[in-house]
Every structure is written in C-alpha cells, then in structure tokens.
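Remember, it's a predicted structure, so these values are computed and weren't measured experimentally. In what follows, chains are A, B, ... by sequence order, proteins preceding strands, each numbered from 1.
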There are 2 protein chains.
Amino acid sequence: MAQTPDSPTKARKDAASGMKRAPILARRPLHEEVLAQLRDMIVEGDLAAGDRLNDAKLSEMLAVSRTPVREALKLLAQEGLVELLPRRGARVLALSEKAMGELLEVICGIERLAAELAADRMSQDQLDHMERLHARMQQRFAAGDRKQYFKLNHEIHLLLVQAACNDALIALHASLLTRVRRGRYAALLAHDRWAEAMTEHEELMAALRAHDAERAGIVMAGHVKHTREALHRALVS
Amino acid sequence: MAQTPDSPTKARKDAASGMKRAPILARRPLHEEVLAQLRDMIVEGDLAAGDRLNDAKLSEMLAVSRTPVREALKLLAQEGLVELLPRRGARVLALSEKAMGELLEVICGIERLAAELAADRMSQDQLDHMERLHARMQQRFAAGDRKQYFKLNHEIHLLLVQAACNDALIALHASLLTRVRRGRYAALLAHDRWAEAMTEHEELMAALRAHDAERAGIVMAGHVKHTREALHRALVS
DNA sequence: TCTGGTCATTTTGCATGCAAAATTCAAAAA
DNA sequence: TTTTTGAATTTTGCATGCAAAATGACCAGA
C-alpha cells in the first residue's frame, strides 16, 4: 500500500481521547473532508490503483472514526474512483485502457456541446478572457514551454465549459475530468498532437468570436475524432 | 410528507428485536437496497420535491438502522436527487425549470454522441432489433397509442446508447435519465412534438442503416435544438 | 511437497449511543 | 397583538460496539 500514515499513533490518540475538535459549525462535514482527501490521494497517486482501502487504517490515518470514511468510500465508488467489493472492502479502481478511452470519448462529446452552447451564450467578458488565455498559450507554444502550454490549455477548456452557461454540464465535466486525470493517460494523450491541437484551438477561437455555434461544434467534433485516433495510436504503440 | 409507512410499528420491531435477516451473503448490501428504494420513491413521486427526509423515520419505515439510510442519502445527493443541508438534513431536490432544461440539453448531447458512435459500431443484430422496435413504434404512432409509443421510443433511445459500445456513456445516460424522469417535465416534454419526432426517428434509422455517423449526428443535433425549443415553449405556456 | 480442513484473527456491515446543533413552543416583554 | 427569549425536544453527525464473513496460520494426511 502506498499510504502515508503521518503518525497513526498520534492520530488515533487525537480521535480516541476527548480532544476537542473545532466547533462543528465552523467545519465542513467530516465526510466531505475525508472525501476530498481520499480523492486527492487517489488522483495524486498516493493511493495506487489496486491498493486495498481498509477503513480502520484510513480512519486512523485521518484521525476520524470509520463512519465518515466509509461514507466517503461509497461516494468515491459512485464517482468511479474506487470499487466496492461486497464484504471484501474497497480497492482503488484500475482504469483499463478501454475505460479510459471511453471516458475521453464522453468528455470530448461534452466539450463539443459546450463549444456549441458557448458560441451562442458566451459573454464578451468571457470571450476576452479566453482571447487572452489563447494568446498566452500561443506564446508558450512558440516558446516550446509544454508545461505552461498544457496548463493554459486546461484553463481554456474549463472556461469553454463555463461559458456554456449550463451548471449540469459544468458539474458533469468536472466529475469526468477527475476520473480521467488520474494516472499516466492524461499526460500520454496531452503530449501527442501538440501542433495539431494548436490549429484546432485557433479555429475554435474564430468560431467563438463569430458566435458561430455550428462551426464551433464542427471544430470540436473534429477534435473528438482526432483525440480518439491519438488515443488509439498512443495505446497501440 | 408524502411517505408511505406500511406499518412503522411492525418494521421497528423487526429491526429492534433480534429477528434474523436472511444470511448476508445472499443479500445485496443494505445501503444498496435502501438506495434503490429511496430512488424509486423519489422518481415515482412517493416522496415529493421539497419533502424533508428524516433518517430516523426512514430507517423505521425501511426497517433498517440509520447508518445505511444515511449512506444512501449521501449517494442520492451525489446523484442529484436530494440535497443535503449541513446539520439540517436532506430534502428531495426540487428541479427548477432551469435545471431541468440544462439536464435535457446534456442528455441530448449525450444521445447525439451515442448516435454517431452507434452508426459506426452497431452490430447487425442491434440494428435489426432497432428496426423492429421502430416498426412497432410506427404502428403505435399510427394507432394514436401514445403510451406504447413513448415506451417504445424510450427503448429505442436506450438501445441507441447501448449500441455506442461505451460503458461510460451508458452509465452516464442512465444516471441523467433518472434525474430527469422525475416530476411532470418528462411527460410535458414527451407530449409535444409527437409527429415531428417521428420524422426525426425515421431519418435517424436511415442514417444508422447506412452506418453514416455524420448524418446520424446531424439528425440528433437537430433533435437537440428542437427539444430545447419545445421545452421553452412548454415552460413559457 | 502438496492438498484439504480446522481454528484464531482481522475486516466488514450494520446497529446503536451520545453530544452538539437545530427546532419548537410557550411564556414574558414590548 | 407581536416579538423575544430560553428551556425542552428533536435531529444530526460522528464514534463505537458487535456479529457474521473473510482471511490466514497451522497442521494432518496423501
């Protein structure tokens, strides 16, 4: 197990002894806290795929009782980050290449929809913001600074989804991204198609500027297709 | 509250006394059972939007302890069927017209993607099956039998998503449908565009037969647009 | 050595206990 | 009459207890 028990003994003592926590009102519910922590640990790779998640150990680690831990595990299972084997506990779910490809396919579809809606609904402010991000991304691209390029690329995608003015879409997109961001696949994909993607972004910006939903959709639809192909190439090689 | 306590007293007694349950191995986990039950009660309208969900009462009603009930409520909250107000319990979430419209928009996007993928990947068996469903639906349409028409319509949509051969897509679609199926909106929408939708289905079938992904996508994209408009009409009137 | 079986230990799933927060309701004050 | 206060009650969130199931250690016999 790739866990990091930063002093289980102390943690246990904190929980077991009557040591006062901050007033409940001032805190978020514990299960939320635990959920966020576990999610981070999985996304960051502290808990590797296949690791067994023992609720007693986790509760010791996080200095809470088993109840909120178990609640968080069930939520993580619904999010698709862990699997719950009845009577056999929870494991970090290993995303197969197949599952990863499927998720990416869905995400691309979502982003295409977002692009179409955004073309209609985007505010001038948002468009300006995106222009700025895009310009900076071009600079980083020209400079060969991959890290910043990808960061800006990600910000643009988030902004695109926000600009669609659909809260359900935003939430869904975020949730799917969490699942995909784990492991090596994201990087694997991201580092392909470095130049091609730049052109596509250019076209997307043009469509958004013109508030041309159809064109934005077509551009992103191409993105769907290219991404699928890139994924396939990456996985076969 | 629109609950249906089919003898709370007896239920309580069952839970409280040492009365044996079926062996655990033979059962699904209780929280799953409870989750399914509560979900049904919400979708069926037994628990109306705005109803307060008191875990003690629910646990009495379902003859289980509060723990699995609370777990189920948290899962329902993540599914978007209830909201969890910290320290103030759970309520059945009232879907605003805005939220409902957003959900439908996302579902339409998902189904469009499904149509495109299905055009590529659908097996001959699935296509045949869909042809049969479609033929029956035409009959019911001609006969003016709305109820069966909608049932078949729904089956076709499910099959379409399945034919996309993407498990993530299938799961996502199912989850979104659950949220939308509640309340009066589904019917409200379904009963509009009765004839127009028939034509669109015709076109979709043609595209699928030809394995023409692009055409299938375009047809469903039109569906997105028309559905949005229909929703708008329905809500304004 | 390998197989199968028994028993001790650990882990899981659920029930329940308990303190803090929220709600209610009645009586007092404005 | 309306508002305020505050004590009693209910509800929530978490901790913990406990029985059933799973795991693993050990040993006997093939």
Side-chain angles (χ1 to χ4, degrees), chain A residues 1 3 8 11-38 51-78 82-92, chain B residues 1 3 8 11-38 51-78 82-92:
Chain A
M1 286 226 266
Q3 294 167 347
R12 175 100 280 256
K13 202 161 136 257
D14 290 359
S17 68
M19 192 176 139
K20 291 278 185 298
R21 256 183 234 291
I24 289 189
L25 187 59
R27 292 179 0 233
R28 303 201 275 180
L30 265 191
H31 70 263
E32 266 187 42
E33 203 76 54
V34 172
L35 175 61
Q37 287 235 13
L38 291 179
D51 274 1
R52 183 92 172 264
L53 299 175
N54 177 308
D55 52 22
K57 289 222 183 73
L58 290 176
S59 71
E60 221 172 73
M61 233 165 84
L62 303 173
V64 299
S65 80
R66 288 172 54 219
T67 305
V69 170
R70 291 169 57 57
E71 289 171 349
L73 286 177
K74 285 187 179 60
L75 293 172
L76 285 173
Q78 197 170 262
V82 310
E83 65 185 333
L84 246 39
L85 311 168
R87 277 287 168 195
R88 318 188 66 252
R91 322 181 74 84
V92 177
Chain B
M1 283 228 263
Q3 293 168 349
R12 174 99 284 254
K13 206 165 132 251
D14 290 359
S17 67
M19 191 177 141
K20 292 279 186 297
R21 256 183 233 292
I24 289 188
L25 187 58
R27 294 178 359 233
R28 298 201 280 179
L30 266 191
H31 70 264
E32 268 187 39
E33 203 77 53
V34 171
L35 175 61
Q37 287 234 15
L38 291 179
D51 274 1
R52 182 89 173 267
L53 298 175
N54 176 308
D55 53 23
K57 290 221 184 74
L58 290 176
S59 71
E60 221 172 72
M61 237 165 81
L62 303 174
V64 299
S65 80
R66 288 172 56 220
T67 306
V69 170
R70 290 166 73 12
E71 289 170 349
L73 286 178
K74 283 188 179 62
L75 293 172
L76 284 174
Q78 195 168 266
V82 309
E83 64 185 333
L84 247 38
L85 312 167
R87 276 287 168 192
R88 318 185 67 251
R91 321 181 75 84
V92 178

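- Taking the screw axis at each terminus of the helix from C:dT1-D:dA30 to C:dA30-D:dT1 from five consecutive base pairs, the angle between the two is 10° to within rounding of 10 degrees.
- Atom-to-atom, CD of B:E32 to C1' of C:dC14 comes out at 15 Å; the value is rounded to the nearest Å.
- The distance between atom CD of A:E71 and atom P of D:dT12, rounded to the nearest whole Å, is 13 Å.
- Under the rule for a salt bridge (charged side-chain N to carboxylate O under 4.0 Å, His left out), A:E83 has no partner lying at least two apart in sequence or in another chain.
- For C:dC14, the OP1/OP2 oxygens have no side-chain nitrogen or oxygen of B:T67 closer than 4.0 Å.
- A sub-4.0 Å separation between OP1 or OP2 of D:dT12 and a side-chain N or O of B:R66 is absent.
- Atom CZ in A:R28 sits roughly 15 Å away from atom C1' in D:dG13 (whole-Å rounding).
- Of all non-hydrogen atoms in A:L85 and A:R91, the two that sit nearest each other are CD1-CD, 3.6 Å.
- In this structure, B:L73 places its CG atom 9 Å from P of D:dT12, rounding to the nearest Å.
- Under the rule for a side chain to side chain contact (heavy atoms under 4.5 Å, CB included), the partners of B:E32 that lie at least two apart in sequence or sit in another chain are B:R28, B:P29.
- Protein atom CZ of B:R70 is 18 Å distant from nucleotide atom P of C:dG13, rounded to whole Å.
- When the side-chain nitrogen and oxygen atoms of B:H31 are compared with OP1 and OP2 of C:dG13, none of them lie within a distance under 4.0 Å.
- Closest approach of A:L30 and A:P68 over heavy atoms only: CB-CB, 4.2 Å.
- Within the model, atoms NZ of B:K57 and CG of B:L62 stand 13.5 Å from one another, a figure rounded to the nearest 0.5 Å.
- Residues passing the side chain to side chain contact (heavy atoms under 4.5 Å, CB included) test with B:A77, sequence neighbours excluded: B:V82, B:L84.
- Closest of all the heavy-atom pairs between B:A90 and B:L73 is CB-CD1, 4.2 Å.
- Atom-to-atom, CD of B:E83 to P of D:dT12 comes out at 14 Å; the value is rounded to the nearest Å.
- For the pair B:L58 CG and C:dC14 P, the computed distance is 16 Å after rounding to whole Å.
- The CG-C1' distance, from A:L30 to D:dA15, rounds to 11 Å in whole Å.
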Pairs under 3.5 angstrom, nitrogen or oxygen only, protein versus nucleotides 9-11 of chain D, please.
from, atom 1, to, atom 2, distance (Å)
D:dT11, OP1, B:N54, ND2, 3.3
D:dT11, O5', B:N54, ND2, 3.4

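- The backbone N or O of A:H31 lies less than 3.5 Å from no partner atom in the side chain of A:E71, so there is not a single donor-acceptor pair.
- Residue whose closest nucleotide on DNA chain D sits further toward the 5' end, between A:P29 and A:P86: A:P29.
- Residues meeting the side-chain hydrogen bond (donor to acceptor under 3.5 Å, both in side chains) test with B:R66, sequence neighbours left out: B:D55.
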